[in-house]
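What follows is a single structure, written as structure tokens, with notes after it.
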Amino acid sequence: MEVLSHPVNVLDNFNNIKRCKSTSKNFTAIPIVDLLDPDAKTKIVEACKEYGFFKVINHGFSVEFMEKLESEAVKFFNLPQLDKEKSGPPNPFGYGNKKIGLSSDVGWVKYLLFGVGPEIFSKNAQVILPGISESLWSLVNDYVSAVRNMMCEVLEMITVELKIGPKDVLSRLIKDEKSDSCFRVNHYPPYPELQPSSDRILIGFGEHTDPQISSVLRSNNTSGLQICLKDGTWVSVPPDHSSFFFNVGDSLQVITNGRFRSVKHRVLTQSLKSRISMVYFGGPPLSEKITALSSLMDDGEEKLYEEFTWSENKKSAYKTRLGENRLGRLKNHMIDLKSQKLFNMYLYVM
């Protein structure tokens with residue numbers, strides 16, 4: 001579905017928005033997981049280790065339902081700016097325009113951020129987010145419930161494949177009614193009035209990793225999403241409006257003691273087409289302690305990261321800039337000290 005939008009002033013705050021080198025290199029090796037495949041759990045784990053990213057098909061979702069939600073979101077983003085701003089600013093939830101987070105990051109993006117706890121969806125939409133239609137509110141509620149179930153199914157497949165204890169050792173963090181999950185609808189308007197140079201392109205959402213356990217993305221049939229491979233190469237993910245894309249988050253990298261890779265990703269802006277994406281972020285309860293699972297670790301293996309609560313990590317993560325290495329400050333410094341001591345001993349012997 002192509003998203004139509006009202007004319008926008010593309011030069012508004014444009015100078016604050018970064019550019020990057022353009023690339024047309026598509027990621028042809030993207031792992032594809034068929035949830036009906038008996039080997040799905042093995043493929044999921046392999047993809048999480050190598051890329052931290054994979055596409056899911058045969059998920060049971062109706063394309064018509066997803067497009068209906070997309071259509072309602074487009075109606076909202078096509079409202080006059082003053083009407084949209086009735087639902088903002090995002091504090092913490094609501095409508096946002098260009099500004100991302102608390103650290104002066106900006107992008108060519110407009111968005112709606114929803115809390116998804118039962119205490120929120122039990123209330124009237126106009127009380128929580130004035131300007132949001134009841135139909136959009138209802139569709140978001142249904143969508144979030146279904147995507148949450150799919151994420152939990154995938155996490156339970158991971159648990160079974162890794163043989164790390166009770167089947168719900170990971171999924172319980174998302175199923176918990178106090179789970180700190182959220183849902184975001186992004187709108188990346190086109191900028192037809194602007195002619196980008198041959199090797200530079202506008203960034204819609206800057207490079208970052210997701211701090212949660214996992215995130216599930218679905219977009220319209222418009223390109224823009226890129227992920228960073230292990231060698232630092234940025235590759236474009238071909239759009240597929242009928243499928244879902246799973247990201248490994250920082251918390252899952254910590255829980256697996258580095259076995260899974262939290263994928264760095266970004267979104268580039270099109271010149272002619274607008275892009276709509278919907279992202280469910282699966283977060284644990286605020287009081288949950290995040291640490292490597294002992295059932296997963298080998299004898300003598302040390303934890304790569306310090307233990308922390310999700311609340312502590314969330315507060316710290318959202319105060320940093322998008323491109324910062326959020327896991328770097330969580331590394332177990334005792335390992336670095338031991339490595340330094342061994343290195344010093346080696347120098348002494350030499």
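Using modelled atom types, no side-chain atom of Arg275 and backbone atom of Pro189 make a donor-acceptor pair closer than 3.5 Å.
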In a table with atom names and distances, give each donor-acceptor pair under 3.5 Å that connects a side chain of residues 33-46 to protein atoms at least two apart or in another chain.
residue : atom : partner : partner atom : Å
Asp34   : OD1  : Leu36   : N            : 2.8
Asp34   : OD1  : Asn58   : ND2          : 3.0
Asp34   : OD2  : Asn58   : ND2          : 2.9
Asp37   : OD1  : Asp39   : N            : 2.9
Asp37   : OD2  : Lys43   : NZ           : 2.8
Thr42   : OG1  : Glu161  : OE1          : 3.3
Thr42   : OG1  : Glu161  : OE2          : 3.2

Scan the side chains in residues 86-93 for donor-acceptor partners under 3.5 Å anywhere in the protein, sequence neighbours excluded, and list what turns up.
residue : atom : partner : partner atom : Å
Ser87   : OG   : Pro130  : O            : 2.4

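Nearest approach of Met151 to Phe246, heavy atoms of both residues: CA-CE2, 4.0 Å.
There is no side-chain donor-acceptor pair under 3.5 Å between Thr309 and Ser311. Side-chain atoms of Lys303 and Thr291 include a donor-acceptor pair closer than 3.5 Å. Side-chain atoms of Asn257 and Glu301 include a donor-acceptor pair closer than 3.5 Å.
Applying side-chain contact (heavy atoms from CB on, under 4.5 Å) to Ser215 and the options Asp210, Thr209, Val263 leaves one that passes, Asp210.
Scored by the side chain to side chain donor-acceptor pair (under 3.5 Å) test, Asp180 finds Trp310, Lys314 as partners (sequence neighbours excluded). For Asn186, the side chain to side chain donor-acceptor pair (under 3.5 Å) test picks out Arg184, Ser277, with sequence neighbours left out. Remark: Asp105 engages Arg321 in a salt bridge (Lys or Arg N to Asp or Glu O under 4.0 Å) (not counting sequence neighbours). Every residue was checked against the side chain to side chain donor-acceptor pair (under 3.5 Å) condition with Ser294, not counting sequence neighbours, and none meets it. When the side chain to side chain donor-acceptor pair (under 3.5 Å) test is applied to Lys175, the partners found at least two apart in sequence or on another chain are Glu156.
Among pairs with a residue in residues 144-166, none fulfils ring-ring contact (aromatic ring centres under 6.0 Å, His included), at least two apart in sequence or across chains. Counting only residues at least two apart or in different chains, salt bridge (charged side-chain N to carboxylate O under 4.0 Å, His left out) contacts with residues 136-153 are absent. The salt bridge (charged side-chain N to carboxylate O under 4.0 Å, His left out) analysis of residues 230-239, with sequence neighbours excluded, yields the pairs Glu50-Lys230. Within the structure, ring-ring contact (aromatic ring centres under 6.0 Å, His included) contacts touching residues 253-287 (residues at least two apart or in different chains) are His208-His265. Applying the ring-ring contact (aromatic ring centres under 6.0 Å, His included) definition to pairs two or more places apart or across chains, those involving residues 142-169 are Tyr143-Phe183.
Salt-bridge check for Glu306 with Arg329: failed, with every basic side-chain N at 4.0 Å or more from each acidic carboxylate O.
In this pair, Phe245 and Phe53 present their aromatic rings parallel. The plane angle is below 30°, not in the 30 to 60° band.
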